[in-house]
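Naming convention: chains lettered A, B, ... in sequence-line order (proteins, then strands); numbering from 1 in each chain. Heavy atoms only: backbone and side chains are in, while hydrogens, waters and symmetry mates are out.
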There are 2 protein chains.
Amino acid sequence: MSQGHYSKDDLADRLRACGINPTRQRIEIAHALFSRGEHLSADQLLAIVNDRHSETSKATVYNTLNLFADHGLIRQLSVDGSRAWFDSNVGPHFHFHDLSSGALIDVPVPDVEFARLPVPPPGTEVAGIDLVIRLRKKL
Amino acid sequence: MSQGHYSKDDLADRLRACGINPTRQRIEIAHALFSRGEHLSADQLLAIVNDRHSETSKATVYNTLNLFADHGLIRQLSVDGSRAWFDSNVGPHFHFHDLSSGALIDVPVPDVEFARLPVPPPGTEVAGIDLVIRLRKKL
DNA sequence: TTCCTTGCAAAACTTTTGCATTAAA
DNA sequence: TTTAATGCAAAAGTTTTGCAAGGAA
């Protein structure tokens with residue numbers, strides 16, 4: 001789904017398609033998010049964006065990340081309590097979490113299959129499933 | 001497993017069994033955690049403990065929660081980015097997360113069955129599985 | 001005494017917000 | 001000119017830490 005299009009124009013189109021006004025800062029943040037297939041924190045984004053081009057403020061990074069997440073362009077992960085991670089892959093998938101390194105690794109949907117899931121409480125329905133498989137070093 | 005023993009003596013025994021010196025504050029925090037079957041935040045614990053008995057400081061609440069978690073007496077949950085939740089149920093189980101109310105509801109193990117799980121990366125093994133089923137209001 | 005625990009305040013860290021400035025249409 | 005976006009600094013919220021004081025053995 002529109003992988004590999006990381007030019008400014010393509011990214012601007014992608015933002016517009018979500019109803020987001022494509023500004024310079026937003027395009028740069030989007031580039032950092034989508035050109036790397038990684039999970040990034042707000043701090044990392046700030047460092048990446050300000051390393052490559054001109055100045056972007058911390059507030060703008062946070063505002064932009066929330067904006068992107070609100071429009072379904074990225075997903076915010078709560079994997080450890082220390083900080084938020086932002087995932088440029090909004091398609092259904094799961095995660096390995098390496099407890100020794102802190103690394104997050106994607107787990108594609110076909111690698112997981114549920115034979116049984118609980119029935120949601122009355123009046124509610126499932127909005128999404130977050131699965132995190134914690135990993136430790138094998139001895 | 002040792003449910004329903006919430007007297008000071010029983011709680012003290014339970015702490016000692018984990019290698020934790022049972023002080024007054026620790027016993028009160030343990031009582032708040034175990035006598036209710038709920039998921040509690042540090043702030044809620046602080047309020048509960050200081051409502052019933054004498055003063056316990058915020059730092060002691062945090063230190064105690066970390067101590068309990070380090071000794072496997074409770075589990076810290078990362079379910080939303082806003083704050084940590086502490087679960088007095090350390091046995092294997094999963095969670096519903098009601099997005100509209102913020103409520104956390106236990107899902108017992110038998111309600112979930114995995115037909116397939118991914119193979120951990122080389123040199124690692126599975127330390128635990130966190131499953132959070134997000135719920136929204138059904139229309 | 002000696003060791004452990006607690007409390008307080010301050011610090012650290014992440015995230016949000018208020019507001020003046022800037023950029024854009 | 002009018003609106004939207006940005007940057008800065010301050011504020012807010014959660015959690016950790018340093019250190020002096022307190023309590024138990």
Counting only side-chain nitrogens and oxygens, does [X] get under 4.0 Å of the OP1 or OP2 atom of [N]?
X        : N      : value
Arg26(A) : dT6(D) : yes
Thr60(B) : dT5(C) : no
Thr56(A) : dT6(D) : no
Ser57(B) : dT6(C) : no

Check whether the side chains of Asp80(A) and Ser82(A) place a donor and an acceptor atom closer than 3.5 Å, and report yes or no.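 Yes, a side-chain donor-acceptor pair sits under 3.5 Å.
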
Say whether His97(A) and Asp130(B), considering side chains only, have a donor N or O and an acceptor N or O under 3.5 Å apart.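 No, no side-chain donor-acceptor pair sits under 3.5 Å.
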
Polar pairs (N or O, both sides) under 3.5 Å between protein and nucleotides 15-17 of chain C?
residue: dT15(C); atom: OP1; partner: Ala84(A); partner atom: N; Å: 2.9
residue: dT15(C); atom: OP2; partner: Tyr62(A); partner atom: OH; Å: 2.9
residue: dT16(C); atom: OP2; partner: Asn66(A); partner atom: ND2; Å: 2.9

Can you tell me how far apart [atom1] ([X]) and [atom2] ([Y]) are? Round to the nearest 0.5 Å.
X        : Y        : atom1 : atom2 : value
Phe86(A) : Leu33(A) : CZ    : CG    : 8.5 Å
Ser41(B) : Ile48(B) : OG    : CD1   : 8.0 Å
Leu46(A) : Thr64(A) : CG    : OG1   : 11.0 Å
Ile27(B) : Leu15(B) : CD1   : CG    : 6.0 Å

Which is it for Asn89(B) and His39(B) under the side chain to side chain donor-acceptor pair (under 3.5 Å) test, yes or no, and what are the steps along the way? CA-CA 9 Å; Asn89(B) 177 2; His39(B) 309 90; over 6 Å; no

Taking distance alone, no hydrogens or angles, what donor-acceptor pairs closer than 3.5 Å link side-chain atoms of residues 115-125 of chain A to residues at least two apart or in another chain?
residue: Arg116(A); atom: NE; partner: Pro110(B); partner atom: O; Å: 3.0
residue: Arg116(A); atom: NH1; partner: Glu113(B); partner atom: OE1; Å: 3.2
residue: Arg116(A); atom: NH2; partner: Pro110(B); partner atom: O; Å: 3.3
residue: Arg116(A); atom: NH2; partner: Glu113(B); partner atom: OE1; Å: 3.1
residue: Thr124(A); atom: OG1; partner: Pro121(A); partner atom: O; Å: 2.6
residue: Glu125(A); atom: OE2; partner: Arg136(B); partner atom: NE; Å: 3.0

Taking atom [atom2] of [N] as reference, at what distance in whole Å does atom [atom1] of [X] sit?
X        : N       : atom1 : atom2 : result
Leu45(B) : dT14(D) : CG    : C1'   : 14 Å
Glu28(B) : dT5(C)  : CD    : C1'   : 15 Å
Ile29(A) : dT6(D)  : CD1   : C1'   : 11 Å
Glu55(A) : dT21(C) : CD    : C1'   : 16 Å

ILVMFWY cluster, Val132(A) and Val126(A) together (side-chain gap under 4.5 Å):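 Val132(A) and Val126(A): separate clusters.
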
Could you run down the sub-3.5 Å N/O contacts of the protein with nucleotides 23-25 of chain C?
none

